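To start, the structure under review is shown below, and the notes come after it.
Values in this document were obtained by computation on a predicted structure and should not be read as measured data.
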Amino acid sequence: LSRARLPIPPPGHLGEEDGKSSARILSVQHLGPTALRILHLYFCPMPRDAASRPLKRVLIIAYYWPPSGGAGVQRWLKFTKYLPEHGWEPVVFVPDGANYPVLDEGLQREVRPEVRVWKGPIVEPASWLDSRKLLKGQNRFGSASATQSKGGLVQWIRGNVFIPDARMFWIKPSIRRLKRLLAQHPVDAVISTGPPHSTHLIALGLKSAFPDVPWVADFRDPWSDMDYLDDFQLTSRSRARHKQLEQAVVTRADKVVVTAPSAAGSLTGKALKECGDRVVWVPNGYDDADGFNLADAPEDGPFVLGFFGSLYGSRNAPGLWRAVRNHNADASNPRKLRVLIYGALDPSIQADMERCMSPEDWAFAGSVSHDEVPNAMAQCHALLILQNNNDTGRRTIPGKAFEYLATGRPLVVGGALNSDLEALVGEWGYDMCDMEDERGFGSQIQHALAGRSSQVSPESYRRDALTADYVKLLHNLVA
């Protein structure tokens with residue numbers, strides 16, 4: 001640029017017309033950066049509408065939204081945070097008056113002020129049942145274990161009357177409301193995220209009204225073969241209805257997004273690589289701004305194995321409890337272990353832990369808000385991933401795994417083998433064992449005590465990087 005030769009602008013700007021040439025030449029070899037910037041703005045001005053040019057707008061239909069806590073809210077709370085940086089304005093449609101099982105008021109601070117949030121009233125049977133204590137003892141986090149009693153009238157009604165889920169009464173009013181709103185405030189694309197899968201049926205209704213607006217169905221979990229449906233004693237007719245609705249969504253959506261590769265097979269009957277570009281894997285991730293670059297864990301005291309999330313029936317790990325007990329009972333081990341559970345703990349698993357381990361071997365720390373999680377993780381020397389020990393576990397990857405990877409802490413992993421999770425943590429340099437495998441857990445614990453951690457960079461799982469991937473998908477749909 002210092003050697004550039006630029007035409008002098010007309011009179012009244014940087015020089016006077018000499019009357020002999022309509023374009024005198026000025027050497028800018030000796031101009032400073034400020035003068036060069038002025039020349040650049042003059043000869044290469046921004047388009048007049050650049051500042052006012054609207055972003056492309058995407059409607060996101062979600063059930064979980066702050067003040068909801070838990071895993072379900074994180075994915076689209078984070079995507080909406082970074083979408084504007086990639087040229088997309090998110091408009092979020094969420095329920096007004098939802099009966100969220102977990103609250104985290106601190107997440108309200110993560111909603112960007114400019115994000116437009118539309119709300120539609122919701123009537124939930126869970127609210128009525130809670131008020132009459134009829135949900136007492138009912139598991140709202142996940143599936144029961146094979147030995148745990150299942151069913152009951154409330155569960156049967158939940159599974160066979162409320163299809164696809166207990167938010168079904170939100171579907172039709174939301175379709176009507178959104179039709180009116182979209183007629184006044186058009187969008188360039190629609191994304192529905194489930195579970196609950198009622199969100200997808202809202203989007204399906206909108207697709208009939210706005211067939212030219214591309215629709216992405218984002219499945220955070222599978223649908224018709226999800227493990228918790230087994231707890232509801234579904235009749236063959238009810239199970240067929242779930243499958244019928246699922247296929248209507250998969251067929252009509254312009255793009256299907258899954259958070260684990262094998263979920264594609266659950267939804268389409270085909271492996272992900274056989275689905276072409278219509279089904280895409282966009283994993284969950286971590287937000288670097290949340291502070292997962294942890295300080296070293298305390299050098300004194302027990303070696304803490306931390307679990308964060310919901311620990312329910314199909315995530316019971318008897319092999320781990322025994323491995324911890326046996327390690328601590330061996331006087332030759334210089335450092336004792338302690339399992340620390342943060343989140344939700346199913347009473348049946350708590351009973352198993354109490355039977356198998358001494359009170360010094362473990363503790364239940366209760367729930368922590370998401371912004372407190374990094375501080376809690378900093379007290380842990382290794383982190384536990386305990387995934388559903390069934391077919392659902394083979395087709396899902398817990399979102400917490402990516403935050404774990406970002407910490408750099410060693411991982412101890414249990415769950416169903418031959419799974420997406422096993423393949424992923426294998427790429428990260430970790431082992432995985434069956435929930436009953438005491439020896440396998442013992443081996444992983446020894447690796448953790450020796451300080452083995454992943455040599456894989458977590459950068460590709462940053463939320464801002466994953467948002468860029470999602471934006472490419474959206475651009476391709478609206479191009």
Lys81/Asp287 salt bridge by N-O under 4.0 Å criterion: yes
Establish, from distance only, whether the side-chain atoms of Arg394 and Asn418 form a donor-acceptor pair under 3.5 Å. no
Would you mind checking if Asp231 and Arg158 are paired as a salt bridge, meaning a charged N to carboxylate O distance below 4.0 Å? no
Minimum heavy-atom separation for Thr193 and Ala62, please, with both atom names. CG2-CB, 3.6 Å
What do you reckon, are the aromatic ring centroids of Tyr461 and Phe402 less than 6.0 Å apart? yes
Got a donor-acceptor contact below 3.5 angstrom from the Gln387 side chain to the Gly415 backbone? no
Check Arg167 with Asp165, please: is the shortest side-chain N to carboxylate O separation under 4.0 Å? no
Among Val213, Ile61, Val187, find the one that has a side-chain contact (heavy atoms from CB on, under 4.5 Å) with Leu206. Ile61
Charged N-O contact under 4.0 Å between Asp96 and Arg177: no
Taking the six-membered ring for Trp, is the centroid-to-centroid distance between Trp170 and Phe93 below 6.0 Å? yes
Should Asp288 and Arg462 count as an ion pair when the cut-off is N to O under 4.0 Å? yes
As a test of understanding, state which of Asp371, Asp290, Asp104 forms a side-chain contact (heavy atoms from CB on, under 4.5 Å) with Glu110. Asp290
Residues passing the salt bridge (charged side-chain N to carboxylate O under 4.0 Å, His left out) test with Lys207, sequence neighbours excluded, are Asp254
Run the ring-centre check on Tyr286 versus Tyr404 and record whether the distance is less than 6.0 Å. no
Ignoring hydrogens, what is the shortest heavy-atom contact between Ala189 and Val478? Give both atom names and the distance. CB-CG1, 4.5 Å
What are the two closest heavy atoms between Tyr430 and Ser454, and how far apart are they? OH-N, 2.7 Å
Check ion pair Asp227-Arg395 (N to O, under 4.0 angstrom): no
Less than 6.0 angstrom separating the ring centers of Trp76 and Tyr470, yes or no? yes
How are the rings of Trp118 and His185 set relative to one another: parallel (under 30°), tilted (30 to 60°) or perpendicular (over 60°)? tilted
Pairing of Asp218 and Arg75 as salt bridge, 4.0 angstrom limit: yes
With Glu85 via salt bridge (charged side-chain N to carboxylate O under 4.0 Å, His left out) - residues at least two apart: Arg112
Considering residues at least two apart in sequence or located in another chain, which fulfil the ring-ring contact (aromatic ring centres under 6.0 Å, His included) criterion with Tyr82? none
